[in-house]
Amino acid sequence: MARPGPAPPESTVETACPLDCPDACSLSVTLRGGRIASIDGGRVSDVTRGYICAKVRRFGRRVYGDDRLQHPVVRTGPKGSGRFTRVSWDDALDRVATNLRATVESHGGEAILPLSYGGSNGMLTQDYADAILFRRLGALRLLRTVCAGPTGAANMGLYGKMTSVVYQDYPAARLILIWGVNPGVSGIHLMPYLKEAREAGATLVVIDPRATTVARQADVHLAVRPGTDLVVALAIHRHLFEEGLADQAFLAEHTTGADALRERARPWTFEHAAEVSGVGADEIRQVARLYASTSPALVKCGWGLERNRNGGSAAAAVLALPAIGGKFGVRGGGYSMSNSASWGIERTWLRDQEPATRTVNMNHLGRELTVPIGPPIRSLFVYNCNPAATLPDQARVLQGLSREDLFTVVFDQVLTDTAVYADVVLPATTFLEHYDYAKSYGPLTMQLGRPVIEPVGESRSNNEVFMALVHRLSLEREGDPEDDLDAMLASLAGMPDGMGAQLRETWRADPPAGDRPVQFVDVFPKTADGKVHLCPSALDAEAPRGLYGYQDDPASDDYPLALISPASDRTISSTLGELNRPDVKLEIHPTDAASRHIEDGNPVRVFNQQGEVHLHASVTPLVRPGTVTMPKGVWRRHTSNGWTANVLVPDTLADLGGGACFNDARVRVEKRDRTSSLQPPPRLPGTVAEDPGRDLHAGR
Ligand SMILES: Nc1nc2c(c(=O)[nH]1)N[C@H]1C(S)=C(S)[C@@H](COP(=O)(O)OP(=O)(O)OC[C@H]3O[C@@H](n4cnc5c(=O)[nH]c(N)nc54)[C@H](O)[C@@H]3O)O[C@H]1N2
Ligand SMILES: Nc1nc2c(c(=O)[nH]1)N[C@H]1C(S)=C(S)[C@@H](COP(=O)(O)OP(=O)(O)OC[C@H]3O[C@@H](n4cnc5c(=O)[nH]c(N)nc54)[C@H](O)[C@@H]3O)O[C@H]1N2
Ligand code: SF4
Ligand SMILES: [Mo]
């Protein structure tokens with residue numbers, strides 16, 4: 001690949017969206033005078049079909065916006081004040097390198113925590129030069145558990161992450177169960193395929209506490225209580241087993257553990273499951289009968305059902321359905337979930353081994369920074385992540401970030417809620433300014449992303465910055481990438497089976513098993529023996545009540561309402577939040593509102609023992625009674641008192657995969673007397689009562 005120059009100033013450039021979204025759209029970016037004039041859908045990927053979401057259409061406003069970081073800055077005011085002064089890159093990198101070296105010398109590498117998550121979700125912006133730096137420093141190892149931990153553990157344990165049904169095959173299904181996922185917002189390119197399926201006569205079932213767009217189109221909508229999917233799925237299993245509808249031939253030939261699952265499903269009659277889940281026994285029975293009698297039947301397992309104490313077992317029970325029901329082996333039958341593992345890519349280009357240092361679950365960041373369970377963290381390096389807005393137990397996270405003895409670097413594109421707590425802030429390029437891969441996890445597409453414009457201001461890519469630090473700390477080795485394009489070329493050389501050559505020539509790749517593989521025809525479980533493990537011993541040992549063991553709802557008389565905080569169409573996690581108006585709402589059902597004398601638009605306080613959020617109510621029948629909702633990814637400036645849903649979220653862990661329990665927040669809601677102004681100065685942390693009694697392993 002020749003080193004391409006920048007795109008002509010008047011041109012339309014094809015690239016791809018690497019943001020943390022299942023669709024990984026092809027993009028067509030039009031430049032005028034060398035600046036981004038518009039961003040539209042491309043045609044390279046079949047599923048993009050020439051359209052994209054409104055968020056990325058306006059991504060130019062992030063690229064050139066007032067919140068964009070243009071140069072490095074260092075802190076001049078108290079932590080959290082957001083007062084900084086400009087410094088040169090050399091000065092900023094020297095300060096960071098000096099601190100990292102001093103920390104290693106006096107406290108060891110395990111006093112350094114690199115904190116990252118999806119960011120722009122590309123393969124080059126994470127786990128390349130950053131990993132080279134932190135592995136060579138012997139830093140703490142991060143467990144990236146904020147998302148997909150429980151569903152990933154279930155998919156791995158049962159199927160070794162078998163490739164799953166892609167969007168294009170939904171129209172072949174006659175029954176589709178959309179379970180804990182909201183594609184109208186979180187993966188919009190699935191919607192036309194669902195429409196096609198319905199027009200072809202498919203029955204649509206949606207399981208979600210909210211009447212989402214897709215739920216409103218459904219033939220059956222089970223508006224379950226959050227955290228109760230496990231028992232609904234087990235009731236369907238019970239029906240299949242006890243009515244002689246389980247596919248015994250398939251079970252005998254392709255599975256282990258069916259007897260254990262049958263045993264654990266036995267107590268969950270439709271009536272018992274109905275009582276726990278808050279939906280009618282007849283509705284669950286109807287879904288079970290439909291599932292037993294229809295083929296091809298497809299179950300789409302999302303991420304909304306994993307974010308609670310039962311999330312891993314729930315995902316396992318949902319994923320086990322096609323094995324018990326005998327739904328594999330036909331186009332449109334089986335299950336659908338994250339396909340991120342389908343490409344068989346090992347990061348061979350990353351030659352440094354992980355050191356055997358202590359691991360830190362990112363969901364415990366607040367706890368690790370304030371009441372450490374190991375030697376204290378003294379240097380925190382945040383990139384590809386906005387923990388002040390996105391991690392559980394926000395009060396404790398902010399308290400930790402406020403520590404005067406903590407040296408914090410934040411490397412980001414905009415001045416995030418986390419960046420205002422940093423000692424040094426470094427400006428990052430966006431995916432329109434650097435190379436990356438855009439690998440979808442819904443359909444099966446992989447494209448290269450290329451720089452469309454020159455870096456804005458003095459911003460630099462992750463690989464440039466981490467390699468600059470590697471050099472400053474004299475940690476370089478033969479074969480390290482020098483810059484982003486080097487990193488891209490080295491990774492292309494490490495791709496399996498000609499994929500690198502294809503990407504180099506066409507900027508896209510064909511998936512190994514074809515772009516529409518059928519489960520148990522083209523793709524099979526990737527477990528050691530090739531079988532489906534319905535009750536794998538590792539998962540059984542990990543879950544506190546064993547796999548498929550239901551843990552009760554954490555609600556109490558004091559905090560009776562379940563607060564959930566799913567994806568919204570305004571942000572990708574918290575990315576792009578800087579562009580939004582401060583009008584987030586608490587959605588509450590009319591009966592819950594009436595009993596609290598709350599009317600639509602009233603100011604309310606939502607609170608529990610961890611903290612409180614002030615915002616306005618939206619009274620709507622679209623959320624089930626007993627459940628209230630607030631969007632995920634909200635910035636502190638968007639509520640009346642500077643706290644978001646995450647101040648109410650416990651840092652307890654899901655049953656599998658160390659996952660976050662965002663939807664286990666239990667709260668009380670009251671009307672606030674006065675309409676307080678939006679956007680007063682954020683309250684500083686430490687104002688929320690500490691509860692040292694909360695056990696680290698509660699919920700495990
Ligand atoms: N626009 C947009 N798109 C996104 C994102 C974004 O922030 N914005 N985020 C991306 C990321 S990081 C991810 S992980 C995916 C997530 O995408 P989804 O899988 O859609 O996950 P969520 O939005 O968390 O929740 C999905 C649905 O689950 C419901 N739900 C909540 N609790 C439960 C429960 O206990 N049981 C059941 N059955 N349903 C429940 C919610 O009401 C919601 O409608 O989306 C990606 N796409
Ligand atoms: N209450 C609640 N909270 C949630 C959830 C929920 O359901 N409810 N969902 C959770 C989920 S699913 C997820 S995935 C997490 C995500 O949480 P985070 O990982 O914190 O994701 P973002 O908020 O998108 O922050 C990513 C940051 O990386 C920056 N970035 C992007 N590209 C680059 C790059 O190339 N270099 C650098 N240096 N920076 C870059 C972006 O500007 C952005 O500020 O949020 C979780 N938080
Ligand atoms: S965020 Fe998702 S829908 Fe929007 S452009 Fe990117 S891949 Fe497409
Ligand atoms: Mo996520």
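For ligands, and for the atoms within them, numbers begin at 1 and follow the listed sequence. Everything numeric in this text was worked out from a predicted model, so none of it was measured.
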To check you understand the geometry: which heavy-atom pair defines the closest contact between Thr151 and Gly302, and what is its length? CG2-O, 3.6 Å
If we number the atoms of ligand 1 from 1 as shown, the ones under 4.0 Å from a heavy atom of Pro226 are 34 (C), 35 (O)
Correct closest heavy-atom pair for Val623 and His589 would be O-CD2, 3.0 Å
So, are Arg637 and Asp67 salt-bridged, with charged N and O less than 4.0 Å apart? yes
Listing residue and atom name, which protein N/O/S atoms are closer to atom 6 (Fe) of ligand 3 than 2.8 Å? Cys17 SG
Whether the side chain of Asn339 engages the backbone of Ser164 through a donor-acceptor N/O pair (distance < 3.5 Å, no angle test) should be reported. yes
Which of the ligand 1 atoms, numbered from 1, are nearer than 4.0 Å to a heavy atom of Asp229: 34 (C), 35 (O), 36 (N), 37 (C), 38 (N)
Would you check if the distance from the ring center of Tyr441 to the ring center of Trp303 is below 6.0 Å? yes
Per the side chain to side chain contact (heavy atoms under 4.5 Å, CB included) rule, which among Asp208, Leu305, Leu319, Val206 passes with Trp179? Leu305
On a heavy-atom basis, which atom in Gln610 and which in Leu648 lie closest, and how many Å separate them? NE2-C, 3.9 Å
Ligand 1 N/O within reach of Gly227 N/O, cut-off under 3.5 Å: yes
The atoms of ligand 1 lying under 4.0 Å from a heavy atom of Val185, numbered in the order shown, are 1 (N), 2 (C), 3 (N)
Check contact between Gly187 and ligand 1, using heavy atoms of the residue and a distance below 4.0 angstrom. no
Enumerate the atoms of ligand 1 whose separation from the nearest heavy atom of Lys55 is less than 4.0 angstrom. 1 (N)
Check Asn580 against Arg58 and note the closest heavy-atom contact, atom names and distance. OD1-NH2, 2.8 Å
Would you find a donor on one side and an acceptor on the other, under 3.5 Å apart, between the side chain of Asp40 and the backbone of Ser28? no
Below a 4.0 angstrom heavy-atom separation, can you tell me which part of Thr212, side chain or backbone, both or neither, approaches ligand 1? side chain
Taking Ser336 for its side chain and Val165 for its backbone only, find out whether a donor-acceptor pair lies under 3.5 Å. yes
Those atoms of ligand 1 less than 4.0 Å from some heavy atom in Gly180: 19 (O), 26 (C), 27 (C), 28 (O), 37 (C), 38 (N), 39 (N)
If you count only heavy atoms, which residues are under 4.0 Å from ligand 2? Asp20, Arg62, Tyr117, Gly118, Gly119, Ser120, Thr125, Val146, Cys147, Arg307, Tyr383, Asn384, Cys385, Asn386, Thr390, Phe411, Asp412, Gln413, Thr416, Ala428, Thr429, His434, Asn462, Ser565, Ile572, Ser573, Ser574, Thr575, Lys632, Asn646, Phe662
Check this for me - ligand 1, Arg225, N or O atoms closer than 3.5 angstrom, yes or no? no
Closest contact, heavy atoms only, Cys385 versus Asp412: O-OD2, 4.0 Å
Let me know which of Asn641, Val647, Val606, Thr639 forms a side chain to side chain contact (heavy atoms under 4.5 Å, CB included) with Glu612. Asn641
Nearest heavy atoms of Leu124 and Tyr435, plus distance in Å: CD1-O, 3.9 Å
Is Arg62 positioned over the aromatic face of Phe431, cation under 6.0 angstrom from the ring centre and no more than 45 degrees off axis? no
